[in-house]
There are 2 protein chains.
Amino acid sequence: MTEQKRPPTLLDVARDAGVSSNTASVVLNGSRSNTRVSEATRQRVLSAAANLSYVPNAMARGLAQKRTQAIGVLFGVAAGSTDYVTNPYMAGILQGVLEAAGDAGHSVTIYTQRWVNAKVSAPLFRDGRTDGVLVIAPPATADILAGLATVGIPLAAVACEAAELEIPSADVDNKAGVEAVVTHLAALGHTRIAIITGETDMSSTALRTLAFQTTLTAAGIEFDADLVTSCTYSGAGAESAFLGLWNRQQRPTAIFACNDAIAAGVARAARSLGVGIPEELSLVGFDDVPTAAMVTPPLTTVRQPLQMIGSAATKMLLGRIAGDFYPATAQLLAPELIVRESTCRVGSDR
Amino acid sequence: MTEQKRPPTLLDVARDAGVSSNTASVVLNGSRSNTRVSEATRQRVLSAAANLSYVPNAMARGLAQKRTQAIGVLFGVAAGSTDYVTNPYMAGILQGVLEAAGDAGHSVTIYTQRWVNAKVSAPLFRDGRTDGVLVIAPPATADILAGLATVGIPLAAVACEAAELEIPSADVDNKAGVEAVVTHLAALGHTRIAIITGETDMSSTALRTLAFQTTLTAAGIEFDADLVTSCTYSGAGAESAFLGLWNRQQRPTAIFACNDAIAAGVARAARSLGVGIPEELSLVGFDDVPTAAMVTPPLTTVRQPLQMIGSAATKMLLGRIAGDFYPATAQLLAPELIVRESTCRVGSDR
DNA sequence: GCCTGGTGACTAAACGCTTAGTCATTCTAA
DNA sequence: TTAGAATGACTAAGCGTTTAGTCACCAGGC
């Protein structure tokens with residue numbers, strides 16, 4: 001086994017260069033301390049550091065300057081689940097986070113502890129391990145955001161209401177996405193449009209349901225509360241949600257599933273009932289995960305710019321970390337309706 | 001903005017409890033130091049800590065005991081790419097890593113710096129930020145593993161040859177997976193079986209190609225080097241790889257694509273040529289990503305237990321961190337052939 | 001009445017780095 | 001000349017923990 005040789009310290013560099021450790025420190029991080037240093041000395045220090053492949057110890061540096069060059073990520077996983085990144089949504093966001101953090105020279109620490117409640121869990125994020133925390137899609141019912149807000153660390157959020165807590169956030173423009181869906185379906189002549197939402201405690205559910213209703217009304221289509229139902233974003237329960245809708249005396253001619261996993265469940269259920277998509281039922285998803293293009297028929301859906309959302313939120317967090325003046329804006333990124341083959345004119349056979 | 005209130009320190013706890021800071025330390029982490037403490041004192045310290053919601057500073061603790069309770073992850077992303085977790089393979093592995101690390105009370109830090117070369121990049125991992133590093137699917141050509149091995153930090157790896165460097169690793173049993181594929185195809189009467197591999201500098205490519213050849217031979221099927229070609233695991237180039245094979249005077253009757261993305265590319269190319277799958281061409285993938293079940297026809301493929309692989313490698317890393325005696329074994333996890341509808345008896349019309 | 005040993009807690013050093021404060025030397029300007 | 005300003009570098013005090021070493025006290029055995 002490779003023995004754990006002790007890494008060279010600043011003192012080693014200083015000794016090799018024949019200077020004091022603080023001089024070495026000043027040289028190596030171009031600090032604006034009042035310590036001045038001649039060119040010759042500077043070169044000696046630099047070459048000593050290079051010879052030793054000196055890398056400053058992150059712990060010591062973090063302790064001294066209370067900055068770690070790392071940001072934390074907290075996934076808002078559903079209670080009882082440990083599903084962090086297997087769903088494409090989380091993976092896409094994380095990708096954006098990694099890119100933005102990497103560009104800024106920060107590493108990304110994923111917190112693995114489960115959230116219990118604000119009293120117990122929030123203080124754990126005060127451990128100085130990261131310079132700030134990015135909270136991704138926390139359930140609205142959990143006190144995660146509020147709890148973290150009380151511990152006084154820089155925060156930013158993805159896909160949740162954070163404005164009233166003075167926390168900057170990024171998300172897809174849910175309203176615009178839903179509008180695009182409803183407008184698309186209305187243009188195809190649909191008037192009986194159902195919606196199947198995800199978990200009711202996610203902020204996106206409220207936003208999308210509301211936008212659904214208002215856009216419908218604006219399009220002159222009567223909103224029917226009977227055509228609103230829900231399951232989970234994982235897609236579990238989508239089939240029975242579909243059955244519930246399909247057993248109405250007045251069936252919908254189109255279904256807006258609030259994500260692609262739900263849409264896939266609906267498609268499966270429809271197929272097993274012999275319901276033709278899109279001839280008998282138009283179906284729209286949300287997210288545009290890779291599978292959306294692959295299923296039969298290819299799914300009309302709303303593409304979220306996941307990486308951009310992740311990057312945007314990360315930049316906000318970095319802004320908060322860098323200076324206290326960073327505003328608590330909620331940045332909404334434009335979605336894009338991807339029309340494929342799961343939607344068609346109502347009553348048409350294509 | 002929430003002001004950054006200074007978190008309570010051990011000294012605050014000690015003061016509140018009317019003891020010295022070291023007594024507080026000893027109480028709070030049940031250390032086996034020679035400092036003894038009476039039950040009454042212990043209780044005073046504990047309640048003081050609870051009142052303040054005291055959380056030890058990770059940097060200070062890390063500095064003092066040279067342990068951070070965090071493991072690092074380095075993704076072996078292809079040169080020029082910054083694609084960390086958008087592909088399902090990486091996401092699945094990472095999920096397993098997070099679970100295992102979480103169970104052990106470690107957080108997971110993803111290194112975002114790009115690997116340049118061993119001389120430049122390896123020392124960066126000596127910064128004490130993590131207790132060890134897990135390297136995931138590094139290109140065999142890069143000197144990542146070898147470079148890290150020289151800096152003397154605990155290591156483990158996923159999906160690469162690490163034994164000769166004395167590094168423990170986990171991977172799917174590539175040989176078993178390929179055997180299952182070839183056996184399946186042979187049982188269906190195929191004798192002209194092509195293989196399309198991923199990047200040639202990935203260790204999995206070599207392993208799968210070799211296993212392919214030996215299994216073929218063992219099954220009494222002549223190995224034809226003309227039926228071996230490659231593209232990239234991202235699926236880019238899969239279509240032209242297919243075309244290359246299809247333009248041989250002796251076409252294959254089955255293609256083994258070394259992952260599902262490649263298989264998807266082949267399916268696309270086949271469809272555009274009007275080649276029927278599976279009637280004219282049986283197609284097998286590898287990985288069993290979610291889309292594999294969704295495409296038309298649903299793909300026969302080899303399922304990798306990604307999360308288990310990630311967890312297994314993480315446990316090995318934790319073993320290395322915990323004690324120097326942890327062996328450098330290469331753990332191979334069993335794959336599972338998932339037979340769907342993209343394969344059928346050769347020459348049959350189903 | 002003295003030594004031994006157990007109990008309970010404290011002091012201080014160390015971890016590796018940053019940075020405010022100090023100081024000696026040389027150079028410039030009056 | 002000499003006060004004053006640069007210049008170049010050093011000393012030392014943290015940052016918040018851990019942990020080795022020290023010490024006072026008290027009970028009991030001789």
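Because the structure is a prediction, the values reported are computed rather than measured.
- In this structure a side-chain-to-backbone donor-acceptor pair under 3.5 Å is missing from Asp201(B) to Thr141(B).
- Residue contacts for Ser25(B): at a heavy-atom cut-off of 4.0 Å it reaches a base atom on one of the strands shown.
- Looking at Ser107(A), its side chain never comes within 3.5 Å of a backbone N or O of Ala70(A) through a donor-acceptor pair.
- If you take CG on Leu145(A) and CG on Leu155(A), they are separated by 6.5 Å, rounding to the nearest 0.5 Å.
- Put simply, Ser20(B) has a side-chain N or O that comes within less than 4.0 Å of OP1 or OP2 on dC10(C).
- Summarising the geometry of Asp12(A) relative to Pro7(A), their closest heavy-atom pair is OD2-O, 4.3 Å, with the distance given to 0.1 Å.
- When rounded to the nearest whole Å, the span between CZ of Arg15(B) and C1' of dG16(D) equals 13 Å.
- Residues of residues 44-69 of chain B that place a heavy atom closer than 4.0 Å to DNA chain C, in numerical order, are Leu63(B), Ala64(B), Lys66(B).
- The 5' end of DNA chain C is approached more closely, in terms of each residue's nearest nucleotide, by Arg42(B) than by the other of Thr9(A) and Arg42(B).
- Atom CG in Leu11(B) sits roughly 14 Å away from atom C1' in dA12(C) (whole-Å rounding).
- Remark: Arg42(A) pairs with Val27(A), Val37(A), Glu39(A), Leu46(A) by the side chain to side chain contact (heavy atoms under 4.5 Å, CB included) rule, at least two apart or across chains.
- In this structure a side-chain-to-backbone donor-acceptor pair under 3.5 Å is missing from Ser169(A) to Ala163(A).
- Of the candidate nucleotides dT7(C), dG8(D), dC10(D), dC10(D) has the atom nearest to the side chain of Thr35(A).
- For the pairing with Thr23(B), the side-chain hydrogen bond (donor to acceptor under 3.5 Å, both in side chains) check across Ser20(B), Ser21(B), Ser25(B) returns one residue only, Ser20(B).
- Distances shown here put every side-chain N or O of Asn22(B) at or beyond 4.0 Å from the OP1 or OP2 atom of dA9(C).
- Remark: the backbone N or O of Val85(A) is paired with a side-chain donor or acceptor of Gln95(B) at under 3.5 angstrom.
- In terms of phosphate contacts, Thr23(A) brings a side-chain nitrogen or oxygen within less than 4.0 Å of OP1 or OP2 of dC10(D).
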**OP:** Evaluate the side-chain hydrogen bond (donor to acceptor under 3.5 Å, both in side chains) criterion for residues Thr109(A) and Thr109(B): first the C-alpha distance (whole Å), next the side-chain angles of each, then the deciding distance (0.1 Å), finally the verdict.
**Re:** CA-CA 4 Å; Thr109(A) 296; Thr109(B) 296; 2.9 Å; yes
Below 3.5 Å is the cut-off: list the nitrogen or oxygen pairs between protein and nucleotides 24-28 of chain D, distance only.
none

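- Between Arg129(B) atom CZ and dC15(C) atom P the separation is 21 Å, expressed in whole Å.
- Residue Leu10(A) has its side chain nearest to dC17(C) when only dC17(C), dG16(C), dG8(C) are considered.
- Taking 4.0 angstrom as the limit, Thr41(B) places a side-chain polar atom (N or O) nearer than this to OP1 or OP2 of dA9(C).
- If you take CZ of Arg36(A) and P of dC27(C), they are 15 Å apart, rounded to a whole angstrom.
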